[in-house]
Amino acid sequence: MIVLRLPASLSASWRDLKYALWLPVYLVSFVLLEQVVDGSHSYWATQLPLDRLIPFQELFVIPYCMWYPLLVAVGLSLLVRDSKGFRRYMCFLAVSFFLSELIWFLIPNGQDLRPPVMPRDNFFSRWVAGLYSIDTNTNVFPSVHVVGSIGAAWAVWDSCPFRRKPALRWGTVVLAALICLSTLFIKQHTVLDVAGGAALAVAVGLPVYRHAPLAALRPRRHSRPMENPE
């Protein structure tokens, strides 16, 4: 009888997948909440006068949709290379995403910024229109796009295997910033939604990654060689 044994590191990675079991629960509850609050019901409109000054720019649909591969790529990388980092990442996402849903349930909200007619007809504007058709304009405060982007960047900066890859770390930060901005330019979220998402990410991230902001930026100290006494 032939018994196939996985390498110890790979076997441990598969065991860590149990920390992602919250995801199906979140997705189901998200769909249910989308049915509870929609455009036909009253909700708190989160737009501010400042939001009217932000132009619609359909090209930002590209970084907006990069949110999905970013979260998955960071999760898979941590799963394989940093078990503890993966657990912290899953903890951050689970707590912050479910808190977002709790806020949506307690304070039904939405925004009324989507253009009734696209100002331009091109591939990217049709892409945005497709997003509008599958994603409602409700349950926007706080923005989970912002929460997830900050969480992904924070997880990369926290992880030891990425400490010696500054290009990757800063690239993740830039991509996360572009994703946050994209929510404004394609009128998926308001300034208040973005600010709420950032505040929630910090509130959850500080206890989860309490060592990361200082440890990641602190220069390494090198011990001095002992001087021979004269």
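What you see below is based on every heavy atom in this structure, not just the backbone, and it leaves out hydrogens, waters and symmetry mates.
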If you round to the nearest 0.5 Å, how far is CG of L17 from CG of L23? 11.5 Å
Please tell me if the side chains of Y19 and Y89 come closer than 4.5 Å, counting only heavy atoms from C-beta onward. no
Might you point out which heavy atoms bring D158 and G85 nearest each other, and give the distance in Å? OD2-CA, 4.4 Å
Are I62 and F123 linked, directly or through other ILVMFWY residues, by side chains that come within less than 4.5 angstrom of each other? yes
Under 3.5 Å, is there a donor-acceptor pair between the side chain of R88 and the main chain of V208? no
Shared hydrophobic cluster, L93 / V31 (ILVMFWY, side-chain heavy atoms < 4.5 Å): no
Give a yes or no on whether the backbone of H145 and the side-chain of S149 come within a donor-acceptor separation of less than 3.5 Å. yes
Go through the steps to decide whether V147 and V204 satisfy the test side-chain contact (heavy atoms from CB on, under 4.5 Å), and finish with yes or no. CA-CA 10 Å; V147 172; V204 176; over 6 Å; no
Shortest non-hydrogen pair, I186 vs V61, comes out as CG2-N, 3.6 Å
Qualifying salt bridge (Lys or Arg N to Asp or Glu O under 4.0 Å) pairs, either residue in residues 173-195, two or more places apart: none
dist E101:CD -> L33:CG (nearest 0.5 Å) comes out at 5.5 Å
At what distance, to the nearest 0.5 angstrom, does CG of L79 lie from CE of M90? 8.5 Å
Closest contact, heavy atoms only, L71 versus G148: CD1-O, 3.6 Å
Keeping the roles fixed (side chain from S159, backbone from V156), state whether a donor-acceptor pair exists under 3.5 Å. no
CD1-SG distance between I150 and C180, expressed to the nearest 0.5 angstrom: 5.0 Å
L131 reachable from L178 in the ILVMFWY side-chain graph, under 4.5 Å edges: no
Count the heavy atoms of every other residue, nucleotide or ligand shown that sit under 6.0 Å from CE of M118, and state whether that count exceeds 12. yes
Between R210 (side chain only) and P207 (backbone N and O only), is there a donor and an acceptor less than 3.5 Å apart? yes
Side chain proximity check, F56 to R114, heavy atoms < 4.5 angstrom: no
Rounded distance (nearest 0.5 Å) linking atom OG1 of T138 with atom CD of Q35: 9.5 Å
is_close_aromatic(W104, W44), centroid dist under 6.0 Å: no
Is it true that H189 and Y64 have ring centroids separated by less than 6.0 Å? no
Main-chain N/O of L113 paired to Q111 side chain as donor or acceptor, under 3.5 Å: yes
So, the side chain of N109 versus the backbone of F141: is there a donor-acceptor pair under 3.5 Å, distance only? yes
State plainly whether one hydrophobic cluster holds both V194 and I54, where clusters connect Ile, Leu, Val, Met, Phe, Trp and Tyr through side-chain heavy atoms under 4.5 angstrom apart. yes
State, with a plain yes or no, whether a side-chain heavy atom of V95 is found less than 4.5 Å away from one of C91. yes
Between I179 and P63, the two heavy atoms sitting closest are CG1-O, 3.1 Å
Apply the ring pair (Phe, Tyr, Trp, His ring centres under 6.0 Å) test between F97 and each candidate in F92, Y26, F30; give the one that qualifies. Y26
Closer than 3.5 angstrom, by distance alone: can the side chain of D51 be matched with the main-chain N or O of L48 as a donor-acceptor pair? yes
Determine whether L206 and W154 make a side-chain contact, defined as any pair of heavy atoms from C-beta on separated by less than 4.5 Å. yes
Could you walk me through whether D135 and E34 pass the side-chain contact (heavy atoms from CB on, under 4.5 Å) check? CA-CA 9 Å; D135 190 7; E34 287 285 276; 3.8 Å; yes
Any heavy-atom pair between the side chains of V140 and T190 that's under 4.5 Å? no
Drop me the distance from L27's CG to L32's CG, to the nearest 0.5 angstrom. 11.0 Å
Restricting to ring-ring contact (aromatic ring centres under 6.0 Å, His included), what partner residues turn up for F185, sequence neighbours left out? F60
Minimum-distance pair of heavy atoms, taken over all atoms of A45 and D112: CB-OD2, 3.6 Å
Validation row: L70, T172 side chains within 4.5 angstrom (heavy atoms): yes
Hey, are the side chains of W127 and E58 touching, using non-hydrogen atoms and a 4.5 Å cut-off? no
Quick one, V25 and F98 - any side-chain contact, counting heavy atoms below 4.5 Å? yes
Treating K165 as the side-chain partner and F162 as the backbone partner, does any N or O pair qualify as donor plus acceptor under 3.5 Å? no
Check the pair W157, V173 against side-chain contact (heavy atoms from CB on, under 4.5 Å), reporting the backbone distance first and the verdict last. CA-CA 9 Å; W157 275 80; V173 171; 3.1 Å; yes
Taking every non-hydrogen atom, the tightest pair across P161 and D82: CD-OD2, 3.7 Å
